[in-house]
Each structure stands twice: as C-alpha cells, then as structure tokens.
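Input: a single structure, listed below in structure tokens.
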Amino acid sequence: MPTRPPKVSPARGLSPRAVSDLLLHARASNAGLWPGSEPIGVALPRVARGLDARDEEGLTRRLLSAWSDTVRAHVEAGTHEVSLSGGVDSAALCAMAARHAPGKVRAWTMDVHFADAVERGNARRMATVTGAELVDVLIPDAVLPDLFERAVLANQTVILNARAVASYVFYLEARRQGAGPVLLSGAGADEVLQGTPGVLASAKARVDEDRALAARVLVAVDNSGAPFRAGSHDHEPAAGAVDNSGPPRAGARRGDQESKPSIPSGDRGSDQTVGPRDGSPPVDNLRTVSEGEDSDHAPRRPPVDNLGTAPWELPSADALPSEELRYARWVLTELILPPELRGARAHGLTVRTPYLDEGFARVALALPESVLLRDGFGKWLFRHAVRSLVPEEVRLARKTPRYGHTALSSPVRTRWLELYRAWLSPARLEPLRVIDSRAVQGLLERYMRLPPDDPKAGPMDRLLMRLMSLAMLQAHAEAPP
C-alpha cells in the first residue's frame, strides 16, 4: 500500500531565490527580500532631457526658481533641520533653507573617521555663512561593527559598506540630541543632475565584479531545495510607485517616501557609486575575479540568464523611458535611500529629499546634458545657479566618493573581522540554502590576508557584508504565511 510522503514544514525566513537574485543582481528590485517590508517609492518624472542649451541663463533662472520653491515649501511646512555633509548638494540645501527661514535652521553633520576632511570644513563654513546652528554628531569607529546588525534590520535589506551603518548611527545620535522630527537630506541630487560623470560605466563594472564573486559562493537550489532550472524566473510583481510629494498613487502600496509639502511651482551624495577600476578589465559574469586565486572549494555555478544586463535594465512592469531614469530609480531604491529613510525612521525621524520632489526633479531631468557635464564637473548648471548662495570653494569642490571603509582599513579591524567570522560561519549561512559555506570560508581567509589597499578588497568586502546582512535577516525572519 503506497504511503504518503511525510509532510514538510514550510521553510522559514528568506526566499533562497531572492537571496541568489540579490547577490547576482538578477532582478530589477530587491524590495521583496525581507518578509513584510514596504517598497521605497521613487516616482521620477517621465521626462526627456532637452536638446537646446543656447539660453543657459534662462535655464539657470528656471532651475534656481524651482529649487527656491521646493525648499520654501518644506520650510513653510515647519522643517528647519538639514543634514549637512559639506558637499554642494547639502550646502545648497542648507543655504536655501536659511534664506527662507533666517536664524531658524539647524544643520547636522557627521564626525566619523572616513568623512572627507575638506567637506567637513565646508560644512562649518556653510554654517557660518548661513547663520545655521551646527551640531556635530560624533560617531566612534567602535560602534559601527557593534551596530551593524541593528542597521541591517532597520534598512530591511543588505548593507554593503560601513557608511550605511554610520548613517544609522548618525540618525540615532541626532535624535538623542533633539533632532527632528523631520530633517531635509541632499540625497538624490546626483541622480537628477548627473552629478557623477561616467557613473553608468562604473556601476556596470561594479555589477560585473559582484556577479563574478557571488557565482563562486552560490549553489543552485530553488525555494523548495531542488536544483534550479536554467532560465527560470520567479520575479515578484513590481510594486506601485509612491510620489514624493503626496500619498501613494492609486493602486500602489504605501512606501518609505514620506509625503511632501505641496510645491508652489506645481510640478514635482550619489555617494554609492564606484569609480572605474584602475587598469582592470570588466569581469565576465562567469569568470572569477582573479583567475590565479585558490578555487579549491568553488561550487558549481548557479544559472545566470541575464549576462551582460544591468539590473536597472531588467524587465519591469513600469520601465522608465531612458537608461538614466532607470538607473536613477535603481540606485536610489537599492542603495541610497534605505539608509536615509529607513535608518532614520527606526529612530522616529522622517527624512525628506527635496531634490527628488516633483517640481524640482521635473526641471532638473529636462536640462540638456551639455549644461550639466562640463570641464570634468557634474551638476555644472546647478553649481552655477547657486553661486549667490554657496561660496565658490564649496560649490566648485570636486566630488569625493564616500563609501566608508573596508574592514581591513578600519581602525577597529579586529572587531570587524570577529563579526565576519561569527556571522559567516556554516551554522549562520546554511539556513539561507543557496550559500556554499566552505567557499565563503575560503574567500574570507583570502580576504583577511589582503593588504587594506589591495584593489580586490573592496569587491570582496561588498560580498562579505552582503552575506553577513543576509545571515542576520535570516536569523530574524519569521516563517512565511
């Protein structure tokens, strides 16, 4: 008499397919990774960049007027607090807020060891120029590894560098010192004003690096534990967009972007990008980063059916009309906004992003490219437009990437490596069901032998931090319904 197979309890935690897709950049959005998480809504206007750049002064006046209207709406709604890094984006935000609310603006800046010294000096200069009260939030290095797990849970997704942890700590300490309840952030300026020349090429190179390394530690199983079928898909349906300036659009789930004040015009730093690898060719998605490295425990490769396709170019139900817009939405929702919005919300703070408001973004995204990228500068017309607000040495300062540090270069390296060993153990990784823990151990041992300035350290650290984040999310996840 045939017997029924034993009843298997549903697996707890993260979907193995979602974990694999995240590590391989194999889906357009990882919003569904953490059970019950709400999507971050970024409703970028569907506009095309203009071709006629002859009337630059007219474009300058229009851009500055849109910026003034946008910031004034936030100030009149009662928001007088600004996150001030010292870059041109936050400097222009602080200056415009002070113009509309003289003597009332309070600026919050971050004192952490990897913060750029020039920008910190520029933040102090802007506070003096604008009359803003400056509050310097000290973030000791030792608290970053200690609060990594709490930052991951607050972000509801993976963390790939220490700067995201520093953002979490920054909002924690700012709240303790009386910030809020609403702060303005300069996030999004690079994405609507082309602030980083060559960003698409460098982002694609980084995706290639990520995929190559991830393929070395992944095994091919689906959500039930069976092998993947090559070419299979299980993408979740795309969530509806949430407009920055109001409630969710019809039919859309409520996301992390808080509602914005209405903008009088009537229309609506990226710091995460990575520069080109010095002398390094792009890495094939099926090739290891270094052909000569020890690969004794490299597992069989999982199927990857999007080779050569950037994650922002993967099929989407609401694809935006240009690669610039598709990339902007991807980098904002996947990398930039989770630490800003969710990290702050975990401490009872609301962060609003005026550069992404409808009125300003529509004007910025319609500007001809020729007035934005000039003489090696990004955001050129915006820098020109705010010349009456921001001192020249601040508005013309070269952009400095700020990713935080790898564990190898941290002043508390030993503490970071202890955290890596604890969370990248077989007992922590095996519940994810798609990770070869022996391969991860081999990668970790090679990583720990690298000098801090080795070019391989950055890509390896991104993967190790992602894996550690996934192990933490898995440990806290509840069984799916």
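Separation of atoms CG (Leu93) and OG (Ser185) is listed at 7.5 Å; rounding is to 0.5 Å. Between Ser322 atom OG and Leu365 atom CG the span is 8.0 Å, to the nearest 0.5 Å. Note that CZ of Arg326 is 12.0 Å distant from CG of Leu44, once rounded to the nearest 0.5 Å. Atom CZ of Arg466 sits about 11.5 Å away from atom CD1 of Ile159, to the nearest 0.5 Å. For the atom pair CG of Leu417 and CG of Leu408, the computed distance is 6.5 Å after rounding to the nearest 0.5 Å. Expressed to the nearest 0.5 Å, how far CZ of Arg46 lies from CG of Leu325 amounts to 8.5 Å.
Looking at Val412 and Pro145, their side chains come closer than 4.5 Å, going by heavy atoms from C-beta outward. Using a 4.5 Å cut-off on side-chain heavy atoms (C-beta onward), Leu337 and Val351 make no contact. The shortest distance between side-chain heavy atoms of Val169 and Val112 does not fall below 4.5 Å. Under the 4.5 Å side-chain criterion, counting only non-hydrogen atoms from C-beta, Arg27 is in contact with Arg17. Within the 4.5 Å cutoff, the side chain of Ile40 has no heavy atoms near those of the Leu332 side chain. Counting heavy atoms from C-beta outward, Ile435 and Leu218 have side chains that approach closer than 4.5 Å. Contact of the Asn161 side chain with the Arg462 side chain is not registered, since no non-hydrogen atoms from C-beta on lie closer than 4.5 Å.
With Thr196 contributing its side chain and Val199 its backbone, the two residues share no donor-acceptor pair below 3.5 Å. Judged by distance alone, the side chain of Arg49 and the main-chain N or O of Ala364 form a donor-acceptor pair under 3.5 Å. In this structure a side-chain-to-backbone donor-acceptor pair under 3.5 Å is present from Arg211 to Leu24. A distance-only check finds a donor-acceptor pair linking the side chain of Ser90 to the backbone of Ser85 [under 3.5 Å]. With Ser20 contributing its side chain and Pro16 its backbone, the two residues share no donor-acceptor pair below 3.5 Å. With Arg120 contributing its side chain and Met110 its backbone, the two residues share a donor-acceptor pair below 3.5 Å. In this structure a side-chain-to-backbone donor-acceptor pair under 3.5 Å is missing from Asp375 to Phe377. For the pair Arg383 (side chain) and Gly378 (backbone), a donor-acceptor distance under 3.5 Å is present. With hydrogens and angles ignored, the 3.5 Å screen pairs no side-chain donor or acceptor of Glu81 with any backbone N or O of Leu183. In this structure, the side chain of Glu209 does not engage the main chain of Met460 through any donor-acceptor pair within 3.5 Å.
Screening residues 140-159 for ring-ring contact (aromatic ring centres under 6.0 Å, His included), with sequence neighbours left out, gives Phe148-Trp416. For residues 164-174, the pairs satisfying salt bridge (Lys or Arg N to Asp or Glu O under 4.0 Å) are Glu173-Arg176, with sequence neighbours left out.
Checked against side chain to side chain contact (heavy atoms under 4.5 Å, CB included), Ala92 has the following partners two or more places apart in sequence or in another chain: Trp67, Tyr355, Phe382, Val386, Val390. Contacts of Asp146 classified as side chain to side chain contact (heavy atoms under 4.5 Å, CB included), with partners at least two apart in sequence or in another chain: Arg415. Under the side chain to side chain contact (heavy atoms under 4.5 Å, CB included) criterion, Arg428 pairs with Trp423, Ser425, Ala471, Ala475, not counting sequence neighbours. Take Asn122 and apply the side chain to side chain contact (heavy atoms under 4.5 Å, CB included) test, not counting sequence neighbours, and it matches Val118, Val394, Ala397.
Taking the charged nitrogens against the carboxylate oxygens, Arg352 and Asp357 have no contact shorter than 4.0 Å, which rules out a salt bridge.
With no hydrogens or angles considered, a side-chain donor-acceptor pair links Glu340 and Tyr171 at under 3.5 Å. Residues Tyr420 and Asp461 have side chains that bring a donor and an acceptor to within less than 3.5 angstrom of each other. Side-chain contact of Asn155 with Thr157: a donor-acceptor pair under 3.5 Å is absent, judged by distance alone.
Test Arg150, Arg163, Arg342 against Tyr168 for side-chain hydrogen bond (donor to acceptor under 3.5 Å, both in side chains) and you get one pass: Arg150.
Across all non-hydrogen atoms, the minimal contact from Leu33 to Ala18 is CD1-CB, 4.2 Å.
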